[in-house]
Amino acid sequence: MSRPSARLRVIINHLDRHSAGIRAAPTSAQTVSYGHPQRLRYTLDNDLLTPEQRLFYEENGFLLIRNLVSTQDIDRFRKEFERICRQQIKVPGLVVMRDVAIAKSEFVPDQRAVSKVQDFQEDPELFRYCSLPKILKYVECFIGPNIMAMHTMLINKPPDAGKKTSRHPMHQDLHYFPFRPVDRIVCAWTAMETVNRQNGCLVVLPGSHKGTLQEHDYPEWEGGVNKMYHGVRDYDPEHPRVHLEMEKGDTVFFHPLLIHGSGMNQTPGFRKAISCHYASGDCYYIDVKGTTQENIEKEVKEIVARRHGVGDEVTFKDTWEIRGRLVQGERISM
């Protein structure tokens, strides 16, 4: 790792006094650590991020970029999502999910019945999000020039039905991923409309990305929990947290060990966001047996077996390899 530039060293030495220069996230000095990092681990040398932005991500594990994705692009993604919900198109491999409270009620064949679509790598319009140059130029700052789009989602958080099931428990995304190294993975998450505390914005624990992968499982919530919504079993409830209130087109990039979740949607409308998890083409797969990820491996394999009628011949690695798509550079070991 190269030593910080002279300008960066000056900023490191004086960051506490000049923290007003950081505009990357709606946070305060009381909730964000600015610290004095000895080396830059989580970002790569680049000509895009300012030294302040690099240090913000290094210390906090996320970086919010305002107005990154155009209204025109987001409106196109919304229209494609609506076509999927109306069953006007069928996308191979697409997983359509319904909130557990909605799933127990009468089915409505439109977007009110769908809480999320994921694995849209075979939908050219939605997947266009993953290859937007304005997204990729930031992704490259975190994982390098060889970029794989690994996991895609469009979240349509429904109005809470009174069971608090629209919440997403606090979790680390790495729990779901059987590939490493952890620091060469990043998520891009874009608000498709105003996202605030009322409709269930993201909540993050700044600095939690510096820890290790923790044990996850389903939380014991009275109203039920959506499928695959695992949460961290033990985390410090007193840890400072930041609510990421965003406007349409704002995009947050965050580390896969950052503990985050979202609250209930307490409004009558839906809250939409689109996201992609990226990994470096230089990443590699690991065997998760005997680790805290064994429970998610078992659940994923059971779902695949039920949907596709296959047995143990399909591995956890297989389920990821088939979804990964190269969007920039070379696919070296993924």
Side-chain angles (χ1 to χ4, degrees), residues 23-27 48-49 53 56-57 60-85 94 97 111 114-121 123-143 147-158 166 168 171 173 185-204 242-256 258 260-263 265 267 269-279 325 327-328:
R23 305 295 186 205
T27 53
L48 178 63
L49 300 183
Q53 288 174 323
F56 188 96
Y57 188 87
N60 299 289
F62 68 97
L63 182 67
L64 178 57
I65 305 297
R66 298 289 186 185
N67 196 31
L68 184 63
V69 179
S70 72
T71 294
Q72 291 80 7
D73 280 329
I74 289 175
D75 289 346
R76 286 177 59 177
F77 301 147
R78 178 187 291 269
K79 288 178 182 177
E80 183 72 355
F81 172 70
E82 291 171 354
R83 291 178 65 212
I84 291 170
C85 293
L94 185 75
M97 303 177 69
Q111 62 177 305
V114 177
S115 60
K116 181 193 294 187
V117 295
Q118 63 181 29
D119 302 332
F120 54 68
Q121 64 275 357
D123 184 299
E125 182 56 53
L126 290 183
F127 193 73
R128 196 170 56 80
Y129 169 80
C130 305
S131 56
L132 287 175
K134 57 189 70 177
I135 294 280
L136 294 183
K137 68 180 183 179
Y138 279 96
V139 171
E140 185 170 348
C141 298
F142 306 109
I143 70 173
I147 302 176
M148 296 285 299
M150 299 300 298
H151 186 228
T152 55
M153 294 188 296
L154 194 155
I155 305 109
N156 188 45
K157 185 188 277 284
S166 64
H168 198 303
H171 65 285
D173 290 339
I185 304 168
V186 72
C187 179
W189 194 101
T190 299
M192 295 179 66
E193 55 208 325
T194 297
V195 175
N196 53 36
R197 296 183 69 163
Q198 288 68 45
N199 63 11
C201 66
L202 289 178
V203 182
V204 301
V242 172
H243 292 80
L244 294 180
E245 297 196 311
M246 301 163 65
E247 294 299 328
K248 185 176 183 178
D250 292 353
T251 302
V252 62
F253 298 89
F254 59 90
H255 191 276
L258 183 74
H260 65 288
S262 63
N265 181 358
T267 71
F270 287 73
R271 188 271 277 161
K272 291 180 176 61
I274 188 169
S275 73
C276 179
H277 283 89
Y278 298 91
R325 297 289 185 275
V327 290
Q328 179 179 295

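Numbers here are sequence positions counted from 1. Side-chain atoms are counted along with the backbone in the values below, which use heavy atoms only and exclude waters and symmetry mates. Just so it is clear, the model here is predicted, and its values are computed rather than measured.
- Listed for the H171 side chain is a donor-acceptor partner under 3.5 Å among the backbone atoms of H260.
- Judged purely by atom type and a 3.5 angstrom limit, E193 uses its side chain to pair as donor or acceptor with the backbone of K272.
- Judged by distance alone, the side chain of E245 and the main-chain N or O of R197 form a donor-acceptor pair under 3.5 Å.
- Between the side chains of S262 and K157, at least one donor N or O sits under 3.5 Å from an acceptor N or O.
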Solution key, residues 132-140 side-chain donor-acceptor pairs under 3.5 Å, sequence neighbours excluded:
from : atom 1 : to   : atom 2 : distance (Å)
E140 : OE1    : Q328 : NE2    : 3.0

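- Y57 contributes a side-chain N or O that, together with a main-chain N or O of H255, makes up a donor-acceptor pair within less than 3.5 Å.
- The aromatic rings of F77 and Y129 lie perpendicular to each other, with more than 60° between the two planes, well past the 30° mark.
- Among the candidates T190, D75, T194, N67, the single residue satisfying the side-chain hydrogen bond (donor to acceptor under 3.5 Å, both in side chains) test with K248 is D75.
- The closest donor-acceptor contact from the side chain of D250 to the backbone of E247 lies under 3.5 Å.
- Side chain of D73 to backbone of V69: no donor-acceptor contact under 3.5 angstrom is found.
- With a 4.5 Å cut-off on side-chain heavy atoms, L154 and E80 do not count as touching.
- The closest donor-acceptor contact from the side chain of N199 to the backbone of N265 lies at 3.5 Å or more, if one exists at all.
- Between the side chain of D123 and the backbone N or O of E125, at least one donor-acceptor pair lies under 3.5 Å.
- The backbone N or O of G200 sits less than 3.5 Å from a side-chain atom of R271, completing a donor-acceptor pair.
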